[in-house]
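Since the model is a prediction, treat every value here as computed from it, not as a measurement. One-based numbering along the sequence shown.
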Amino acid sequence: LVQLVESGGGSVQAGGSLRLSCAPSGLAYGTYVMGWFRQAPGKEREGVAAISSMSISGLTTTYADSVKGRFTVSKDNANNTAYLQMNSLKPEDTAMYYCAATRRYNWYSLDVSAFDYWGQGTQVTVSS
């Protein structure tokens, strides 16, 4: 059974920071791409960032334009944990944040359909 468990959400004022964590189990962590998505009330789920599995050329990351320069996605292979560091948070970042995993080739698009496994989500609320 594959499980992805997110943590680290909370409430913060605009300009603040949060770090989300995702601890997967039941899959070969090192071979999976890990992604972060978010969904605000009344809106579709959207891709935020993703980080590749390890390869000869290292790790590759991709970000949505709305978070570039503010969010950083990373992996700690020793602890089998993925992270999303969120800085300079804005009220429009308020959403439920989800961790996801995939081995599909089209993960770089940050399309929801490219990811196979999902966590239960953690709420991030940014007040102005």
Considering all heavy atoms, the nearest Ala50-Val33 contact:
CB-CG1, 4.3 Å
Which pairs, with at least one residue in residues 1-15 and sequence neighbours excluded, count as a side chain to side chain donor-acceptor pair (under 3.5 Å)?
Glu6-Gln120
Under the side chain to side chain contact (heavy atoms under 4.5 Å, CB included) test, residues paired with Asn87 that sit two or more places apart:
Ser17, Gln85
Distance in Å, Thr61 OG1 paired with Ile51 CD1, rounded so as to fall on 0.5 Å steps:
6.5 Å
Please report the closest heavy-atom contact between Met34 and Cys22, naming both atoms and the distance.
CE-SG, 3.9 Å
What pair of heavy atoms forms the shortest contact from Thr94 to Gln123, and how long is it?
CG2-NE2, 4.1 Å
Under the side-chain hydrogen bond (donor to acceptor under 3.5 Å, both in side chains) test, which residues partner Ser128, sequence neighbours left out?
none
Show me the pairs that pass ring pair (Phe, Tyr, Trp, His ring centres under 6.0 Å) and involve residues 101-128, at least two apart or across chains.
Phe37-Phe115, Phe37-Trp118
To the nearest 0.5 Å, tell me how far Arg103 CZ sits from Thr31 OG1.
4.0 Å
Who passes side chain to side chain contact (heavy atoms under 4.5 Å, CB included) against Leu18, sequence neighbours left out?
Val12, Met86, Leu89, Val124
Closest non-hydrogen atom pair between Asn80 and Pro24, with its separation
O-CD, 3.1 Å
Who passes salt bridge (charged side-chain N to carboxylate O under 4.0 Å, His left out) against Asp116, sequence neighbours left out?
Arg104
Sequence neighbours excluded - ring pair (Phe, Tyr, Trp, His ring centres under 6.0 Å) pairs with any residue from residues 50-90
none
Measure the OG1-CG distance between Thr62 and Leu110 for me, rounded to the nearest 0.5 Å.
4.5 Å
CG on Leu1 to OG on Ser25, rounded to 0.5 Å:
7.0 Å
Ala82 to Trp36 - nearest heavy-atom pair and separation
O-CZ2, 3.9 Å
Could you grab the distance from atom NZ of Lys90 to atom OG of Ser66, nearest 0.5 Å is fine?
8.0 Å
Quick one: salt bridge (charged side-chain N to carboxylate O under 4.0 Å, His left out) partners of Asp76, sequence neighbours excluded?
none
Which heavy-atom pair separates Ser127 from Pro91 by the least distance, and what is that distance?
C-CG, 4.5 Å
For Arg19, all residues meeting salt bridge (charged side-chain N to carboxylate O under 4.0 Å, His left out), sequence neighbours excluded:
none
Suppose clustering is done on Ile, Leu, Val, Met, Phe, Trp and Tyr with side-chain heavy atoms closer than 4.5 Å. Which residues sit in the same group as Val5?
none
Should Leu84 and Val48 count as side-chain neighbours, where that means a heavy-atom distance under 4.5 Å?
yes
Measuring from Leu20:CG to Cys99:SG, what's the distance to the nearest 0.5 Å?
9.5 Å
Test: salt bridge (charged side-chain N to carboxylate O under 4.0 Å, His left out). Region: residues 26-44. Which pairs qualify, not counting sequence neighbours?
Arg38-Glu46, Arg38-Asp93
With sequence neighbours excluded, tell me which residues meet side-chain hydrogen bond (donor to acceptor under 3.5 Å, both in side chains) with Glu92.
none
